[in-house]
Amino acid sequence: MNRPAHTATEAQAQARTTRVELHRTPDGLRSVLRTGLLAPRVTARHDDVLAVTLVATEATLLGGDHLNLELVLGAGTHLDLTDVAATVAYDGRGESARWSTWIRLGTGARLTWWGEPLVVCDGASVHRSTHAQLAAGATMVLRDAITLGRHGERGGRLHCRTRFDLAGRTAVVEDLALDDRHRGDAGFLPGRQIDTVTLLGRRPAAETSGASRDVFELALPGAVQRTLDPAPQTSRSVFDDWRAVPATT
């Protein structure tokens, strides 16, 4: 890549923060958009729903990059978020990259996010954290996909930390470390891809919760569907079913 690896200072990291913020006002929906390593582009707006696509502003993730993404939804708003393409973590030449996502949903807010895969190339080392706080009555449907390496690669190192809270209670906590040193060991992974769809804030409809053996219902209202090396249409079908769950059930 043309852009060299670098080490971002705290000020640089703040400047590279991407932020999408929505609020309801008497005059309609108010949005605040900030561009960082990703640029939020509005593709549609209707009543309390804003559709946004995230577009990379430069080659990323490179060694030393720290991608910050903040999503703040006020009460009663709905953000329909998509990625324009997969994010590729390149060989960091000895430096790691970080991706931090912070999500905060107010009462009755909804986030639907069909995320494109994070591709971890040979030589890459990525630390990714995703934290979400949902107020009572809020709903989140999130698709998260990981691909270890491009075609012909084993893939680099990835450490993911996830925590989702619902109405002040912890719903999901996961610490997932994928170390390239053990990539070929028996029982590690059958292939290169992990695909996860999470519903939080509502129970899935009965006809979808039992449709796949890969669906796990949470103790709090919500469910997780995870498949290894899946057909893309499997996750898409579950995502579409869960995003159609009504706001009141």
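On a predicted model such as this, the values are computed, not experimentally measured, just so you know.
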So, the side chain of [X] versus the backbone of [Y]: is there a donor-acceptor pair under 3.5 Å, distance only?
{"X": "Asp122", "Y": "Arg154", "result": "yes"}
{"X": "Asp83", "Y": "Glu116", "result": "yes"}
{"X": "Thr43", "Y": "Ala51", "result": "yes"}
{"X": "Arg203", "Y": "Leu218", "result": "yes"}
{"X": "Arg202", "Y": "Gly137", "result": "yes"}
{"X": "Thr147", "Y": "Pro117", "result": "no"}
{"X": "Glu95", "Y": "Gly92", "result": "no"}
{"X": "Asp47", "Y": "Val49", "result": "no"}

Taking all atoms of both residues into account, what is the closest heavy-atom pair of [X] and [Y], and its distance?
{"X": "Val20", "Y": "Pro40", "answer": "CG2-CB, 3.7 Å"}
{"X": "Ala124", "Y": "Ala89", "answer": "CB-O, 3.5 Å"}
{"X": "Ala39", "Y": "Thr57", "answer": "CB-CG2, 3.7 Å"}
{"X": "Ile146", "Y": "Cys160", "answer": "CD1-SG, 4.0 Å"}
{"X": "Arg98", "Y": "Leu61", "answer": "O-CD2, 4.1 Å"}
{"X": "Val197", "Y": "Val141", "answer": "CG1-CG1, 4.5 Å"}

Side-chain heavy atoms of [X] within contact of [Y], under 4.5 Å:
{"X": "Met140", "Y": "Trp242", "result": "no"}
{"X": "Thr227", "Y": "Thr196", "result": "no"}
{"X": "Leu228", "Y": "Gln193", "result": "no"}
{"X": "His127", "Y": "Ser96", "result": "yes"}
{"X": "Pro204", "Y": "Asp241", "result": "no"}
{"X": "Leu134", "Y": "Asp165", "result": "no"}
{"X": "Leu178", "Y": "Ile194", "result": "yes"}
{"X": "Leu79", "Y": "Leu71", "result": "yes"}

Does one side chain, of [X] or [Y], offer a donor that lies under 3.5 Å from an acceptor on the other?
{"X": "Asp144", "Y": "Trp113", "result": "no"}
{"X": "Arg30", "Y": "Thr25", "result": "no"}
{"X": "Thr162", "Y": "Thr130", "result": "no"}

Can you list the steps and then say if Ser100 with Trp102 is a side-chain hydrogen bond (donor to acceptor under 3.5 Å, both in side chains)? CA-CA 7 Å; Ser100 304; Trp102 303 89; 4.7 Å; no
Test applied, salt bridge (charged side-chain N to carboxylate O under 4.0 Å, His left out); reference residue, Asp175; option that passes from Arg163, Arg161, Arg128: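 Testing Asp175 for a salt bridge (charged side-chain N to carboxylate O under 4.0 Å, His left out) against Arg163, Arg161, Arg128 leaves exactly one candidate, Arg161.
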Apply the test side chain to side chain contact (heavy atoms under 4.5 Å, CB included) to residues Phe239 and Leu142: give CA-CA distance (whole Å), side-chain angles for both, the deciding distance (0.1 Å), then the verdict. CA-CA 8 Å; Phe239 179 88; Leu142 169 66; over 6 Å; no
Does a side-chain N-to-carboxylate-O contact under 4.0 Å join [X] and [Y]?
{"X": "Arg110", "Y": "Asp80", "answer": "no"}
{"X": "Arg143", "Y": "Asp195", "answer": "yes"}
{"X": "Arg236", "Y": "Asp240", "answer": "yes"}
{"X": "Arg104", "Y": "Glu21", "answer": "no"}

Mind running side-chain hydrogen bond (donor to acceptor under 3.5 Å, both in side chains) on Thr112 and His78 for me, showing each step along the way? CA-CA 8 Å; Thr112 51; His78 178 188; 3.1 Å; yes
Residues Val84, Leu54; criterion side chain to side chain contact (heavy atoms under 4.5 Å, CB included); working and verdict: CA-CA 6 Å; Val84 73; Leu54 297 176; over 6 Å; no
For side chain to side chain contact (heavy atoms under 4.5 Å, CB included), just list the numbers for Ser235 and Trp114, CA-CA rounded to whole Å, side-chain angles, deciding distance to a tenth of an Å, and then say yes or no. CA-CA 10 Å; Ser235 297; Trp114 175 259; 4.1 Å; yes
Verdict with reasoning, Arg19 to Val72, per side chain to side chain contact (heavy atoms under 4.5 Å, CB included): CA-CA 8 Å; Arg19 184 178 178 92; Val72 180; 3.5 Å; yes
